[in-house]
Undergrad: 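Quick one: the structure is below, questions incoming.
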Amino acid sequence: MGGVPAWLLSGVAAVPSLPTLGGVTDSAAAVSGADLLVESVVEDLPTKQALFAELEGMVAETTIIPSNTSGLPITMISSQMTRPERTAT
């Protein structure tokens with residue numbers, strides 16, 4: 001009962017999606033135009049604070065930047081931002 005379907009275990013199922021995937025080396029280009037960015041980096045306050053401050057400068061003022069934190073207060077994470085109200089958990 002339950003279990004993982006066989007097609008999920010096969011790399012063959014992922015092959016049709018490969019042409020639609022891409023990568024970038026420019027962070028600003030990667031996030032420009034985003035309405036929502038979900039952060040999910042290591043649970044280290046200085047790391048999260050630096051990332052949020054950096055991302056804030058790369059995106060529109062209306063972009064929402066929530067965190068996937070499991071133990072750090074969002075108020076502390078967003079304390080280095082100019083508009084901390086853009087964050088959520």
Side-chain angles (χ1 to χ4, degrees):
M1 200 166 184
V4 178
W7 64 270
L8 279 177
L9 300 175
S10 169
V12 175
V15 172
S17 300
L18 290 178
T20 64
L21 299 176
V24 296
T25 56
D26 179 5
S27 298
V31 300
S32 68
D35 294 321
L36 175 71
L37 294 175
V38 180
E39 168 276 321
S40 185
V41 297
V42 64
E43 287 290 293
D44 176 66
L45 184 59
T47 300
K48 286 184 183 280
Q49 287 174 325
L51 179 61
F52 271 70
E54 181 181 359
L55 289 173
E56 184 179 36
M58 296 180 183
V59 296
E61 290 185 8
T62 55
T63 302
I64 300 167
I65 312 171
S67 176
N68 190 30
T69 186
S70 61
L72 298 171
I74 193 65
T75 53
M76 291 180 70
I77 294 170
S78 62
S79 67
Q80 306 301 307
M81 297 175 68
T82 57
R83 298 193 55 220
E85 67 274 10
R86 300 166 64 174
T87 63
T89 55

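Counting begins at 1 with the first residue of the sequence.
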Undergrad: Who passes side chain to side chain contact (heavy atoms under 4.5 Å, CB included) against A60, sequence neighbours left out?
TA: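 If we apply the side chain to side chain contact (heavy atoms under 4.5 Å, CB included) test to A60, skipping adjacent residues, the hits are T62, T63.
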Undergrad: What residues form a side chain to side chain contact (heavy atoms under 4.5 Å, CB included) with A28, not counting sequence neighbours?
TA: D26, M58
Undergrad: Can you get from L45 to L51 by hopping between Ile, Leu, Val, Met, Phe, Trp and Tyr side chains that sit under 4.5 Å apart?
TA: yes
Undergrad: State yes or no: do V31 and V38 share one hydrophobic cluster built from I, L, V, M, F, W and Y residues joined by side-chain heavy-atom distances below 4.5 Å, directly or via other members?
TA: no
Undergrad: What side-chain donor-acceptor pairs closer than 3.5 Å can you find for residues 65-72, not counting sequence neighbours?
TA:
residue : atom : partner : partner atom : Å
S67     : OG   : E39     : OE1          : 2.3
S67     : OG   : T69     : N            : 3.1
N68     : ND2  : S40     : OG           : 3.3
T69     : OG1  : E43     : OE1          : 2.8
T69     : OG1  : E43     : OE2          : 3.3
T69     : OG1  : G71     : N            : 3.4
T69     : OG1  : L72     : N            : 3.0

Undergrad: My understanding is that only residues two or more places apart in sequence, or in another chain, count here; which of them pass side chain to side chain contact (heavy atoms under 4.5 Å, CB included) with T87?
TA: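 Partners of T87 by the side chain to side chain contact (heavy atoms under 4.5 Å, CB included) criterion, ordered by chain and then number, come out as F52, I74, S78, M81.
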Undergrad: Let me confirm one number: the CD-CD distance from Q80 to E56, rounded to the nearest 0.5 Å.
TA: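 Q80 atom CD to E56 atom CD measures 10.5 Å (nearest 0.5 Å).
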Undergrad: Apply side chain to side chain donor-acceptor pair (under 3.5 Å) to E85 and list each qualifying residue two or more places apart in sequence or on a separate chain.
TA: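 So E85 forms a side chain to side chain donor-acceptor pair (under 3.5 Å) with R83.
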Undergrad: Does T89 have any side chain to side chain donor-acceptor pair (under 3.5 Å) partners at least two apart in sequence or in another chain, and if so, which?
TA: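 T89 satisfies side chain to side chain donor-acceptor pair (under 3.5 Å) with no residue once adjacent residues are dropped.
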Undergrad: Can you name the residues that form a side chain to side chain donor-acceptor pair (under 3.5 Å) with S79, not counting sequence neighbours?
TA: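 In terms of side chain to side chain donor-acceptor pair (under 3.5 Å), with neighbours along the sequence ignored, S79 is linked to Q49.
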Undergrad: Taking side chain to side chain contact (heavy atoms under 4.5 Å, CB included) as the definition, give me every residue that meets it alongside V24, ordered by chain and number, with sequence neighbours left out.
TA: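 If we apply the side chain to side chain contact (heavy atoms under 4.5 Å, CB included) test to V24, skipping adjacent residues, the hits are A30.
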Undergrad: Which pair of non-hydrogen atoms, one from R86 and one from V59, has the smallest distance, and what is that distance?
TA: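 Where R86 meets V59 most closely, the heavy atoms are NH2-CG2, 3.1 Å.
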